[in-house]
Amino acid sequence: MREPTYFILAALQAGPLHGYAIISRAGELSGGRVRLATGTLYAALDRLAGERLVQVADEEVVNGRARRYYELTDEGLAALRAEAARMAEAARLVTDHPGQSRAVRPKVAPA
């Protein structure tokens, strides 16, 4: 799963959000690494809806424009949790490795 997709799904864990809120929340959760453009977000949401990972939860008209709220499906939550577990396991390969210390030795200039 690509990082933007992961953070879009993660943004929806707490409940339905509209597009701008998803962009903001994904940015917050990623520490600013994921910066979604509007077109990119809606293309991703269309793809995720096609994969049945998200669905439209509600729609309202605000200032004459339709505002859709998206939510995770059960399949979306399962995919998000599976990806989190996969990343945690990959991180453990490094963080729990009992390998040798790789301390950097200072170079000494010849006398």
Side-chain angles (χ1 to χ4, degrees):
M1 181 180 295
R2 293 182 47 215
E3 189 174 41
T5 299
Y6 179 80
F7 282 104
I8 289 169
L9 296 177
L12 293 171
Q13 279 188 108
L17 296 172
H18 58 78
Y20 181 76
I22 295 170
I23 290 171
S24 297
R25 187 73 180 132
E28 290 169 10
L29 292 172
S30 69
R33 285 190 322 276
V34 172
R35 296 179 187 173
L36 297 164
T38 304
T40 303
L41 172 67
Y42 286 105
L45 288 170
D46 285 345
R47 179 179 53 78
L48 294 168
E51 295 172 2
R52 295 189 171 108
L53 301 181
V54 302
Q55 63 189 9
V56 175
D58 195 16
E59 192 171 328
E60 66 182 354
V61 176
V62 178
N63 296 327
R65 296 181 62 177
R67 177 182 284 175
R68 287 189 183 105
Y69 289 80
Y70 294 86
E71 66 184 356
L72 280 177
T73 62
D74 291 341
E75 294 89 348
L77 182 58
L80 177 62
R81 288 182 174 165
E83 181 64 7
R86 185 196 68 76
M87 290 189 310
E89 180 60 29
R92 275 191 293 279
L93 293 173
V94 175
T95 58
D96 293 350
H97 191 272
Q100 297 175 317
S101 172
R102 305 256 186 231
V104 177
R105 295 184 183 151
K107 292 186 178 185
V108 179

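Numbering of residues begins at 1 and proceeds along the displayed sequence. Just so it is clear, the model here is predicted, and its values are computed rather than measured.
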Set of side-chain hydrogen bond (donor to acceptor under 3.5 Å, both in side chains) partners for S30, sequence neighbours left out: none

Here the pair of heavy atoms bringing P4 nearest to L36 is CB-CD2, 3.9 Å

Can you hop from L17 to L77 via hydrophobic side chains spaced under 4.5 Å? yes

R65: which residues meet the side-chain hydrogen bond (donor to acceptor under 3.5 Å, both in side chains) condition with it, sequence neighbours left out? none

Once rounded to the nearest 0.5 Å, what's the spacing between atom CZ of F7 and atom CD1 of I22? 14.5 Å

Report yes if the side chains of Y20 and R67 come closer than 4.5 Å at any heavy-atom pair, otherwise no. no

Between R35 and G32 (side chain of the first, backbone of the second, donor and acceptor by atom type, cut-off under 3.5 Å), is there such a pair? yes

Correct closest heavy-atom pair for R47 and T5 would be NH2-OG1, 2.8 Å

Mind listing the closest non-hydrogen atom pair of Q13 and L80 along with its distance? CG-CD2, 3.5 Å

If you compare all heavy atoms of L53 against all heavy atoms of A79, which two are closest, and at what distance to 0.1 Å? CD2-CB, 4.1 Å

Intermediate values then yes/no, side chain to side chain contact (heavy atoms under 4.5 Å, CB included), E71 and V54: CA-CA 5 Å; E71 66 184 356; V54 302; over 6 Å; no

Counterpart residues, side-chain hydrogen bond (donor to acceptor under 3.5 Å, both in side chains), relative to R81 (two or more places apart): none

What's the separation between atom CE in M1 and atom OH in Y6, rounded to the nearest 0.5 Å? 8.5 Å

Going from OH on Y70 to CD on E59, what distance comes out if it is rounded to the nearest 0.5 angstrom? 8.0 Å

Taken to the nearest 0.5 Å, the spacing of E89 CD from D96 CG works out to 8.5 Å

For R92, look at atom CZ and say whether over 12 heavy atoms of other residues, nucleotides or ligands are found less than 6.0 Å away. yes

Linking I/L/V/M/F/W/Y whenever any side-chain heavy atoms sit under 4.5 Å apart, do L29 and L12 land together? yes

Please find the pair of heavy atoms, one from E3 and one from V34, that lie closest to each other, and give the distance. CG-CG2, 3.8 Å

Correct closest heavy-atom pair for A26 and A11 would be N-CB, 4.0 Å

Just verifying a value: how many Å separate R68 CZ and Y42 OH, rounded to the nearest 0.5 Å? 8.5 Å

Rounding to 0.5 Å, atoms CD1 (I8) and OG1 (T40) come to a distance of 8.5 Å

